[in-house]
Amino acid sequence: MEDKKMEISVAEAEKRTGKNAVNMQETYTVYLIETRPVDAASEGTNPALDSLWRRYSEFELLRNYLLVTYPFAVVPPLPEKRAEFVWHKLSADNMDPDFVERRRVGLENFLLRVASHPVLSSDKIFYLFLTEADSRLKALNATFRVKNPDKRFAEMKHYGDELQSVISQLLRVRARAADRLYGVYKVHGNYGRVFSEWSAIEKEMGDGLQSAGHHMDAYAASVDDILEEEEHYADQLKEYLFYADALRTVCRKHELTQYELEMAVQDLTSKKQQREELATGTIRTFSLKGMTSKLFGQETPEQREAKLKMLETQIEEGEEQVKERNAECDEFVKSAWVDIERFKEQKDHDLRESLISYAIMQISMCKKGIQVWNNAKECFNKM
């Protein structure tokens, strides 16, 4: 961050309405980032806070940039984009004030962790993210877009997005179903209480009502075990939710490998062009070198020879680097694709088994509910 220490806070959140990239009206939340130089505070001055608004999607762009630029760094995570998979008490509404507040705190923590990182904190784009509303951030996706993307990895990245979306929807549906199931079991607990209280005032029907109440109480009490088993299946789905992100990470690493190869090829091409221009004395494109030659005269043969020799060395090194990058890229594609195929087989097997087991568990619960009412029926018939 240009060695500038700053106080950073995400002070507040605000709901706004506007048009998105496809000209559709949408409601979204923006977050106010406030910063102040630490040095100014220590020197006794109190400058005004710098502030700007950012959307969550801009935080995502920043993090993706840091992931690509610093592949060796453990980049701090962002808070969840939406309230996922809640089944009880919590709201799944992205505009819910409690959720927005939790996300505001999480975004502030993300910025503070990046600012305290020994490498990430010095990044210029991170500094601009905090201080300039019209920064280069929106162009970052294009900056690291490879010229010749591998179609297979592009499709696999899209598949990872779709897989995560589908599993997220499945988990949300499961959460709603679990919430309703919890309500059903608790209603049976109310039946048990009512039947037990009723049995106390009935002489001939008392035993039957009390027995029916016991069946209802036992059924209601079993909800905790059922929901614990439900969470087990949810955890299996969540594992593949995170696997989908890991799949996209492999695709991003391939993009980075391809990008580095293309940059090496571009640099080698540039060096060869410089060599040709120096050897022939013809400047094909405008450059400071060409303008300097016109102003101060041509280089001496000795100077040209020395530069040619240096360029030859750089070209040899560049050709070796391109060769190494090509080998790295080929090896990455070969190894990654083998593991991706292995992952797909594993995923198909695991999710099939998990969904079958979940269906069996639901059938078992339904049978148990029917049995409870059959038992209650027998109790009522004995009255």
Q: Please step through side-chain contact (heavy atoms from CB on, under 4.5 Å) for the pair Val105 and Glu108, ending with a clear verdict.
A: CA-CA 5 Å; Val105 172; Glu108 180 176 281; 5.8 Å; no
(Q) A side-chain contact here means heavy atoms from C-beta on lying under 4.5 Å apart; do Arg342 and Val338 qualify? (A) no
Q.
Surrounding CD of Glu345 (heavy atoms of other residues, nucleotides or ligands, distance under 6.0 Å), is the total greater than 12?
A. no
Q: Would you check if there is a donor-acceptor pair between the side chains of Gln362 and Tyr358 at a distance under 3.5 Å?
A: yes
Q: Assess whether atom CZ of Arg113 is packed by more than 12 heavy atoms of other residues, nucleotides or ligands within 6.0 Å.
A: no
(Q) Using every non-hydrogen atom in the two residues, find where Pro77 and Arg63 come nearest and quote the distance to one decimal. (A) CA-NE, 3.6 Å
Q | N-O pairing of Asp245 and Arg248 below 4.0 Å | A | yes
Q: State whether a side-chain donor-acceptor pair under 3.5 Å links Thr249 with Arg252.
A: yes
(Q) Do Asn375 and Gln371 pair up side chain to side chain, a donor and an acceptor below 3.5 Å, judged on atom types alone? (A) yes
Q) Is there a donor-acceptor contact under 3.5 Å from the side chain of Ser222 to the main chain of Tyr219? A) yes
Q | Residues that Glu239 engages under side chain to side chain contact (heavy atoms under 4.5 Å, CB included), provided they are two or more places apart | A | Tyr243
Q. Hey, does Cys329 have a side-chain heavy atom less than 4.5 Å from the side chain of Gln258?
A. yes
Q) In terms of hydrophobic clustering (I, L, V, M, F, W, Y; side-chain heavy atoms under 4.5 Å; direct or indirect links), are Tyr70 and Val114 co-clustered? A) yes
Q | Heavy atoms from other residues, nucleotides or ligands near NZ of Lys347 exceed 12 (cutoff 6.0 Å) | A | yes
Q: Please assess Arg152 against His254 for the test side-chain contact (heavy atoms from CB on, under 4.5 Å), listing each intermediate value before the final yes or no.
A: CA-CA 11 Å; Arg152 293 176 302 169; His254 173 260; over 6 Å; no
Q | Nearest atoms (heavy-atom pairs only) where Glu202 meets Trp198 | A | OE2-NE1, 3.0 Å
Q) Phe195 vs Tyr191 aromatic rings, parallel, tilted or perpendicular, using cut-offs 30° and 60°? A) parallel
Q: Would you check, one step at a time, whether the test side-chain contact (heavy atoms from CB on, under 4.5 Å) holds for Ser270 with Gln274?
A: CA-CA 6 Å; Ser270 175; Gln274 290 178 42; 3.4 Å; yes
Q. Does Glu353 offer a backbone N or O that forms a donor-acceptor pair with the side chain of Ser357 under 3.5 Å?
A. yes
Q) What heavy-atom pair brings Cys379 and Ala212 nearest, and what distance separates the two atoms? A) SG-N, 3.9 Å
Q: May I ask whether Val333 and Val322 are part of the same hydrophobic cluster, defined by side-chain heavy atoms of I, L, V, M, F, W, Y residues being less than 4.5 angstrom apart, directly or through others?
A: no
Q.
Between Gln236 and His232, is there a side-chain donor-acceptor contact under 3.5 Å, judged purely by atom types and distance?
A. yes
Q | Close side-chain approach of Ile33 to Thr131, heavy-atom, < 4.5 Å | A | no
Q. When clusters are formed by joining ILVMFWY residues with side-chain heavy atoms under 4.5 Å apart, either directly or through shared neighbours, do Leu171 and Phe242 land in the same one?
A. yes
Q) Can you tell me if Ser165 uses its side chain to pair, donor with acceptor, with the backbone of Asp161 under 3.5 Å? A) no
Q: Answer yes or no: is there a side-chain heavy-atom contact under 4.5 Å between Tyr159 and Leu247?
A: yes
Q: Would you confirm whether Arg54, through its side chain, and Phe59, through its main-chain N or O, come within 3.5 Å as a donor-acceptor pair?
A: no
Q. Is there a side-chain contact between Tyr56 and Leu78, using heavy atoms and a 4.5 Å cut-off?
A. yes
**Q.** Listed partners of Lys323 passing salt bridge (charged side-chain N to carboxylate O under 4.0 Å, His left out), at least two apart
**A.** none
Q | Gap between atom SG of Cys251 and atom CG of Leu256 - 0.5 Å precision | A | 13.0 Å
(Q) Assess the residue pair Lys271 and Asp267 against the criterion (salt bridge (charged side-chain N to carboxylate O under 4.0 Å, His left out)); give the C-alpha distance rounded to whole Å, side-chain angles, the decisive distance to 0.1 Å, and a yes or no. (A) CA-CA 6 Å; Lys271 290 288 193 301; Asp267 184 62; 3.3 Å; yes
Q: Applying salt bridge (charged side-chain N to carboxylate O under 4.0 Å, His left out), run through Lys272 and Glu319 and close with a yes or a no.
A: CA-CA 10 Å; Lys272 287 182 176 179; Glu319 287 175 338; 3.5 Å; yes
Q.
If I take atom CZ from residue Phe343 and atom CH2 from residue Trp337, how far apart are they, to the nearest 0.5 angstrom?
A. 12.0 Å
Q. Is any side-chain heavy atom of Glu34 less than 4.5 Å from a side-chain heavy atom of Glu7?
A. no
Q: Would you indicate whether the side-chain heavy atoms of Ile340 and Phe153 approach each other to under 4.5 Å?
A: yes
Q: Would you confirm whether Ser116, through its side chain, and Leu112, through its main-chain N or O, come within 3.5 Å as a donor-acceptor pair?
A: yes
Q. With the 4.5 Å side-chain cut-off for hydrophobic clustering, are Leu62 and Leu52 part of the same group?
A. yes
Q) How long is the span from the CZ atom in Arg180 to the CZ atom in Arg176, to the nearest 0.5 Å? A) 10.0 Å
Q: Please report the C-alpha distance between Leu170 and Leu355 in whole Å, then the side-chain angles of each, then the deciding distance to 0.1 Å, and finally whether the side-chain contact (heavy atoms from CB on, under 4.5 Å) criterion is met.
A: CA-CA 11 Å; Leu170 187 59; Leu355 292 172; 4.2 Å; yes
Q | Sidechain-backbone polar pair: Glu58 side chain, Arg55 backbone, donor-acceptor under 3.5 Å | A | yes
**Q.** Tyr31 backbone acceptor or donor facing Arg104 side chain under 3.5 Å
**A.** no
Q. Looking at Glu328 and Arg325, does any basic side-chain N land under 4.0 Å from a carboxylate oxygen?
A. yes
Q) Taking all non-hydrogen atoms of both residues, which atom of Tyr240 and which atom of Ile167 are closest, and how far apart? A) CB-CD1, 3.7 Å
Q) Should Ile356 and Ile363 be regarded as members of a common hydrophobic cluster, given that ILVMFWY residues are connected when their side-chain heavy atoms come within less than 4.5 Å of each other, either directly or indirectly? A) no
Q: Specify the closest pair of heavy atoms between Thr29 and Ala13, including all atoms of both residues, with the distance to one decimal.
A: CG2-CB, 3.9 Å
Q.
Which heavy atom of Asp217 sits nearest to which heavy atom of Gly189, and what is that distance?
A. OD1-O, 3.9 Å
Q.
Under a 3.5 Å distance rule, please check whether Ser354 uses its side chain to pair with a backbone N or O of Leu351 as donor and acceptor.
A. no
Q: Look up atom CG in Leu268 and atom CE in Met263, then write down how far apart they are to the nearest 0.5 Å.
A: 13.0 Å
Q. Does a salt bridge link Glu312 with Arg275, judged by any charged N lying under 4.0 Å from a carboxylate O?
A. yes
Q: Mind checking the CG-CD spacing from Asp150 to Glu255? Nearest 0.5 Å is all I need.
A: 10.0 Å
Q: Give, for atom CG of Leu163 and atom CG of Leu241, the distance between the pair rounded to the nearest 0.5 Å.
A: 8.0 Å
Q) Side chains of Gln266 and Glu262: donor-acceptor distance under 3.5 Å anywhere? A) no
Q | Flag for Glu317-Thr313: side-chain donor and acceptor within less than 3.5 Å | A | no
Q. Within a strict 4.5 Å, meaning less than it, do heavy atoms of the Thr257 and Leu261 side chains meet?
A. no
